[in-house]
There are 2 protein chains.
Amino acid sequence: MVTAGAHGAEHKYLAVRAYLTELVAGELAVGDAVPSERSLTEKFGVSRMTVRQAVDALVTEGVLERVQGRGTFVAPPRADFEMRLTTFGEEARRRGLTPGADVLEAGTRPAPPHVAEALDCEPATPMHHVVRLRTTDGNPMSVEESWIPVHLVPGLLDDGVPESLYGALRAHGLDPTWGEETITAADGTDEERERLQMRGTHAVMRAARRTFGGEAPLMYSRACYRGDRYSVFVPLREARPTIVPRTTGTPRAGRVFEGSPR
Amino acid sequence: MVTAGAHGAEHKYLAVRAYLTELVAGELAVGDAVPSERSLTEKFGVSRMTVRQAVDALVTEGVLERVQGRGTFVAPPRADFEMRLTTFGEEARRRGLTPGADVLEAGTRPAPPHVAEALDCEPATPMHHVVRLRTTDGNPMSVEESWIPVHLVPGLLDDGVPESLYGALRAHGLDPTWGEETITAADGTDEERERLQMRGTHAVMRAARRTFGGEAPLMYSRACYRGDRYSVFVPLREARPTIVPRTTGTPRAGRVFEGSPR
DNA sequence: CAGTGGTCTAGACCACCCT
DNA sequence: GGGTGGTCTAGACCACTGA
């Protein structure tokens with residue numbers, strides 16, 4: 001029998017869970033069996049229901065798979081089934097490229113109407129405003145414009161524009177937890193095309209993003225990517241029906257058609 | 001006390017679950033409390049752990065929310081946190097538009113190299129090949145080209161092109177369960193722009209999709225949408241780290257940069 | 001205070017898989 | 001048959017909420 005290690009302190013099932021996640025992250029490979037529920041029962045001196053609580057959680061998270069009569073196994077890593085709230089730098093590094101940023105504009109400005117609406121605040125609310133040219137390995141990839149309410153982090157730009165705006169927000173205790181993004185294709189303006197050094201082609205991909213921390217809107221940003229060097233990869237799940245309570249009408253992920261021209 | 005209704009027969013927790021989902025889909029509205037766990041215990045003559053098993057599942061599915069000390073409540077319908085494997089028709093109807101399809105080409109052709117590669121089959125494998133102009137309320141929205149291996153459903157096009165290819169696949173026992181899509185922005189060709197009746201603008205959004213049923217590739221399709229009438233809405237989750245077992249290297253959702261020109 | 005969900009116990013029988 | 005997960009019981013104490 002083993003007492004709770006460094007990880008799980010508060011609750012017994014957390015100790016079991018921590019033990020299992022360590023196994024999965026460490027010595028076990030995909031397809032390997034984890035210790036049986038009954039053996040964990042003895043190892044931790046807890047009841048089987050407690051062990052199951054830990055295993056259940058890891059199964060619903062997709063870390064483990066149960067097979068009746070055989071055991072519980074390390075699940076193959078799911079291809080991430082959701083788009084994540086990542087930054088330009090993270091995405092670039094993940095692909096082995098070196099991200100860069102040239103600051104084109106930085107300062108404080110009153111929120112224009114579309115920004116105020118997106119961030120659900122009064123028009124003309126003071127905003128940090130940054131326009132940057134983002135590069136990978138020195139090649140222009142996108143022009144990014146970001147708006148952050150000044151009152152959230154008054155001194156955000158005092159030491160210049162931070163490498164990562166998300167990182168700066170986190171450093172001030174504002175964690176970006178979720179967001180929503182609308183992606184469109186459009187003809188780039190001459191200014192955009194010049195900044196992005198686009199020659200033959202005109203098409204750009206625009207991404208407008210609202211970032212939230214909990215309930216509070218943190219940031220509104222618009223990015224304009226070179227159409228010829230940029231794509232979005234989206235895994236798609238089955239369109240399974242869901243249980244819907246009354247009084248509904250919520251936006252869903254998916255395509256938006258503008259309908260007939262107005 | 002109540003015995004298992006029409007729904008849950010096999011297991012007691014399924015009876016409880018069925019009862020709760022009926023409540024949520026029927027009389028209860030968002031934010032309403034569901035019966036307490038202890039009252040369900042009496043109503044169904046089961047132990048509390050059994051009730052919790054039912055409630056747990058609905059909580060992880062996002063149907064219910066627990067609040068310690070207060071009760072369990074109908075959760076607000078989550079904005080779907082994933083892009084779904086939906087069809088053009090479904091998306092259009094969901095937005096109150098009437099979908100339409102003009103068949104431009106339909107027949108059987110050997111798979112070109114890029115299609116064979118995408119569907120992981122031999123080059124020149126016989127394929128059903130369909131090109132359709134998709135419309136909403138009569139307005140051209142996209143040009144869609146689809147490839148389906150003939151050997152999966154030999155008679156697929158015998159009675160003309162079906163309203164929905166996904167529907168036709170399902171009717172033949174081939175359930176599309178997941179897929180992956182790559183979205184890019186590009187300048188539309190003259191042919192595309194004419195078919196889509198695009199006047200001032202040139203940019204189109206291209207979406208290349210592979211559709212799978214279980215492990216088997218079912219269909220490869222490419223769609224070309226009017227850039228000025230079409231957008232993709234993507235909810236973004238926190239970029240939280242996940243528990244990763246050894247032997248990894250899986251593709252992830254996200255942005256793809258082409259890097260420097262080659 | 002009474003009622004709620006959160007955690008936990010020490011058993012039990014079943015269905016299933018492998019040998 | 002022996003081990004696995006799947007379901008289930010009849011209690012228990014705790015932490016939290018709201019009146």
Side-chain angles (χ1 to χ4, degrees), chain A residues 1-5 7-21 23-24 28 30-76, chain B residues 1-5 7-21 23-24 28 30-76:
Chain A
M1 158 156 177
V2 157
T3 53
H7 284 70
E10 293 287 308
H11 294 295
K12 299 186 178 182
Y13 76 96
L14 289 177
V16 179
R17 187 205 152 96
Y19 173 72
L20 290 173
T21 58
L23 280 186
V24 172
L28 294 185
V30 172
D32 286 354
V34 300
S36 77
E37 297 180 356
R38 285 170 180 82
S39 75
L40 290 169
T41 282
E42 292 174 24
K43 185 181 187 69
F44 287 89
V46 299
S47 81
R48 179 142 170 250
M49 289 305 293
T50 303
V51 169
R52 281 186 69 83
Q53 188 177 358
V55 176
D56 277 344
L58 294 173
V59 168
T60 62
E61 286 173 37
V63 176
L64 299 178
E65 278 176 354
R66 288 203 237 247
V67 182
Q68 182 167 157
R70 299 219 300 126
T72 303
F73 305 88
V74 178
Chain B
M1 159 156 173
V2 157
T3 54
H7 283 69
E10 294 286 311
H11 294 295
K12 298 186 178 182
Y13 77 95
L14 289 177
V16 179
R17 188 205 152 95
Y19 173 73
L20 290 172
T21 57
L23 280 186
V24 171
L28 294 184
V30 172
D32 287 354
V34 299
S36 78
E37 296 180 356
R38 284 170 180 84
S39 75
L40 290 169
T41 282
E42 292 175 23
K43 185 180 185 70
F44 287 88
V46 299
S47 82
R48 184 151 165 241
M49 289 305 293
T50 303
V51 169
R52 281 186 69 83
Q53 189 176 359
V55 176
D56 277 343
L58 294 174
V59 167
T60 61
E61 286 174 36
V63 176
L64 299 178
E65 278 176 355
R66 287 202 237 247
V67 183
Q68 181 167 156
R70 299 217 303 124
T72 303
F73 305 87
V74 179

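A, B, ... follow the sequence lines: proteins, then strands. Residue 1 opens every chain.
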Colleague: What's the shortest heavy-atom distance between Gly62(B) and Ala75(B), and which atoms?
Modeller: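 In this case the closest contact between Gly62(B) and Ala75(B) is O-CB, 3.3 Å.
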Colleague: Specify the residue among Thr72(B) and Thr50(A) whose closest nucleotide of DNA chain C lies further upstream toward the 5′ end.
Modeller: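 Nearest-nucleotide comparison on DNA chain C picks Thr72(B).
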Colleague: Mapping Gln53(B) and Val67(B) to their closest nucleotides on DNA chain D, which lands nearer the 5' end?
Modeller: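 By nearest-heavy-atom nucleotide position, the 5'-most residue is Gln53(B).
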Colleague: Within the structure shown, what part of the strands sits under 4.0 Å from Val55(A) by heavy-atom distance: base, sugar-phosphate, or nothing?
Modeller: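 No contact.
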Colleague: Classify the nucleic acid contact of Gln68(B) as base, sugar-phosphate or nothing, counting any heavy atom under 4.0 Å across all strands shown.
Modeller: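 Contact class for Gln68(B): base.
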Colleague: Can you give me the closest heavy-atom contact between Pro35(B) and Leu23(B), atom names plus distance?
Modeller: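 In this case the closest contact between Pro35(B) and Leu23(B) is CD-CD1, 3.6 Å.
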Colleague: Verify side chain to side chain contact (heavy atoms under 4.5 Å, CB included) between Thr21(A) and Leu58(A), making sure each step is shown before the conclusion.
Modeller: CA-CA 8 Å; Thr21(A) 58; Leu58(A) 294 173; 3.7 Å; yes
Colleague: Can you give me the closest heavy-atom contact between Leu20(A) and Leu40(A), atom names plus distance?
Modeller: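 Minimum heavy-atom separation between Leu20(A) and Leu40(A): CD2-CD1, 4.1 Å.
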Colleague: To the nearest 0.5 Å, what is the distance between CD (Glu37(A)) and CE (Met49(A))?
Modeller: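 Going from CD on Glu37(A) over to CE on Met49(A), the span is 9.5 Å.
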Colleague: Tell me the interatomic distance from Arg70(A), atom CZ, to dC17(C), atom P, rounded to whole angstroms.
Modeller: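 Those two atoms, CZ and P, are 9 Å apart.
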Colleague: Under 3.5 Å, is there any donor-acceptor pair linking the side chain of Arg52(B) to the base of dG5(C)?
Modeller: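 No pair found.
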Colleague: Which two nucleotides bound the region of DNA chain D that has atoms under 4.0 Å from heavy atoms of chain B, read 5' to 3'?
Modeller: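 With heavy atoms of chain B under 4.0 Å away, the range is dT7(D) to dG18(D).
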Colleague: Rounded to the nearest 0.5 Å, how far does CZ of Arg17(B) lie from NE2 of His11(B)?
Modeller: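 Going from the NE2 atom of His11(B) to the CZ atom of Arg17(B) covers 13.0 Å.
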